[in-house]
Amino acid sequence: MLEIEGLSKSYGNNLAVDNVSFTVPDGQAGILLGPNGAGKSTIIKSIAGLLRYKGMIRIQGLPARTTEAKRVFAYVPEIPTMFDALTVREHVDYIRMAYNSDITDDEVEEILKEFEMEDKQDKLGNELSKGMMQKVSICCALSVKPKVILLDEPMVGLDPAAIKTLKEVVQKLRNQGVTVLISTHMLEMVEDLWDIMFVMEKGHIKGSYTREDARGRDLDDLFFAMTGGEEE
């Protein structure tokens, strides 16, 4: 479970996020949406531990800043970065060791195979395309065996086959009881994935829908009905 309670963040005199609260339960996929400047990126970076903030973020009931919470949390950033001198496999192994993950070598091989990276394990970070870097970032996150995973624009840069695989992986994670939060503007890509959506505007949660509330309406229809504008 991911819980955000009274989250606020200012940049100087600019209040980017103002007392935001929401929850994504175990085994559900939440979608975070919002127009430019709504505060979505600030929330993402706060959850990921990249910003100082006021309020409380809990991961599986644990304060997000604790080591115990970080061990069960994974983050796939919008812009992946690699170590130039590490190979694909060394990136994954580095994360495994950092998190003290109990994932097996066979499970790692299966993840790399899923994303068509098993034959690219010896490629160095500075030899990878953006799409390949994105795949490595996803593989690293999955190697943690997270209970909560945050994906920021995860499908940007991926080819159609990788997008299909990622969607299948998200479905599998939900079935395993993992909490998933996806920030994206590619609404059509998550149409069949979401359980609950949160729409931000001017630093606040303007509203939310569960899939049951939607009653078959398309995700983009719900978003535009709530905002009257264009998605980020």
Checklist entry - Is the shortest side-chain N to carboxylate O distance from Lys120 to Glu127 below 4.0 Å? => result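 Not counted as a salt bridge, because no side-chain N and carboxylate O are separated by less than 4.0 Å.
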message = One thing to verify: whether Arg89 and Asp122 come together as a salt bridge, which I'm taking to mean a side-chain N less than 4.0 angstrom from a carboxylate O.
response =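 No, Asp122 and Arg89 are not salt-bridged.
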I'd like to know if the side chain of [X] reaches the main chain of [Y], judged simply by a donor and an acceptor atom lying under 3.5 Å from each other, with no hydrogens or angles considered.
X	Y	result
Ser137	Gln134	no
His204	Met200	no
Ser101	Ile103	yes
Arg174	Leu193	yes
Asn175	Lys172	no
Thr210	Asp213	yes

Within a reach of under 6.0 Å around [atom1] of [X], are more than 12 heavy atoms found that belong to other residues, nucleotides or ligands?
X	atom1	answer
Glu116	CD	no
Lys113	NZ	no
Ile79	CD1	no

*From Leu151, Ile149, Ile47, residue fulfilling side-chain contact (heavy atoms from CB on, under 4.5 Å) relative to Leu181*: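 Answer to the side-chain contact (heavy atoms from CB on, under 4.5 Å) test with Leu181 among Leu151, Ile149, Ile47: Ile47.
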Among Ile43, Val24, Ile31, Thr23, find the residue that satisfies the side-chain contact (heavy atoms from CB on, under 4.5 Å) test when tested with Phe198.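 The passing option is Val24.
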Can you check ring-ring contact (aromatic ring centres under 6.0 Å, His included) on Tyr94 and Phe83, steps first, answer last? CA-CA 11 Å; Tyr94 172 77; Phe83 293 106; 5.7 Å; yes
**Message:** Can you confirm if the NZ or CZ of Arg65 lies within 45° of the ring axis of Phe73 and under 6.0 Å from the centre of its six-membered ring?
**Reply:**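 Judged by the rule, Arg65 and Phe73 form no cation-pi pair.
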Next item on the list: Take Leu166 and Ile138 through the test side-chain contact (heavy atoms from CB on, under 4.5 Å) and record every step on the way to the result.
Entry: CA-CA 9 Å; Leu166 179 58; Ile138 294 168; 4.1 Å; yes
**Prompt:** Cut-off 3.5 Å, side chains only: do Glu114 and Thr165 have a donor facing an acceptor?
**Reply:**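 Note: Glu114 and Thr165 side chains miss the donor-acceptor criterion.
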